[in-house]
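Computed from a prediction, not measured in an experiment: that's the story for all the values here.
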Amino acid sequence: MLMVDWQNTGSAAKSDIKVNRLIHDVLHSDFQLDQLRTFNAAQENHKADQAEAKSPLLNAFQHADI
């Protein structure tokens with residue numbers, strides 16, 4: 001199966017639990033294969049970083065000397 005081939009290539013960080021999560025949680029009924037045709041991980045991570053930088057939650061932290 002292609003999923004097991006993918007799991008066993010590259011990084012050893014892809015555990016059975018992570019692969020099961022990918023299949024059952026990420027590839028759920030809302031998943032659309034056509035969305036992956038133009039997917040670029042670097043671009044999507046950049047978008048996520050930009051959204052995180054605008055998060056009001058970052059202003060809730062306090063800085064203190066230790």
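- With rounding to the nearest 0.5 Å, the separation of NE2 in H46 from CG in N40 is 11.5 Å.
- Applying the salt bridge (Lys or Arg N to Asp or Glu O under 4.0 Å) definition to pairs two or more places apart or across chains, those involving residues 39-49 are E44-K47.
- Nearest approach of T9 to D5, heavy atoms of both residues: CG2-O, 3.1 Å.
- Using a 4.5 Å cut-off between side-chain heavy atoms of Ile, Leu, Val, Met, Phe, Trp and Tyr, with links allowed through other members, V26 and I23 fall into the same hydrophobic cluster.
- Shown are L22, D16, L2; of these, the side-chain contact (heavy atoms from CB on, under 4.5 Å) with Q7 is made only by D16.
- The minimum heavy-atom distance linking K14 with V19 is given by the pair O-CG2, 4.3 Å.
- More than 12 heavy-atom neighbours from other residues, nucleotides or ligands sit within 6.0 angstrom of CG on L33.
- I17 and L27 sit in two unconnected hydrophobic clusters of ILVMFWY residues. Membership requires side-chain heavy atoms under 4.5 Å apart, directly or through other members.
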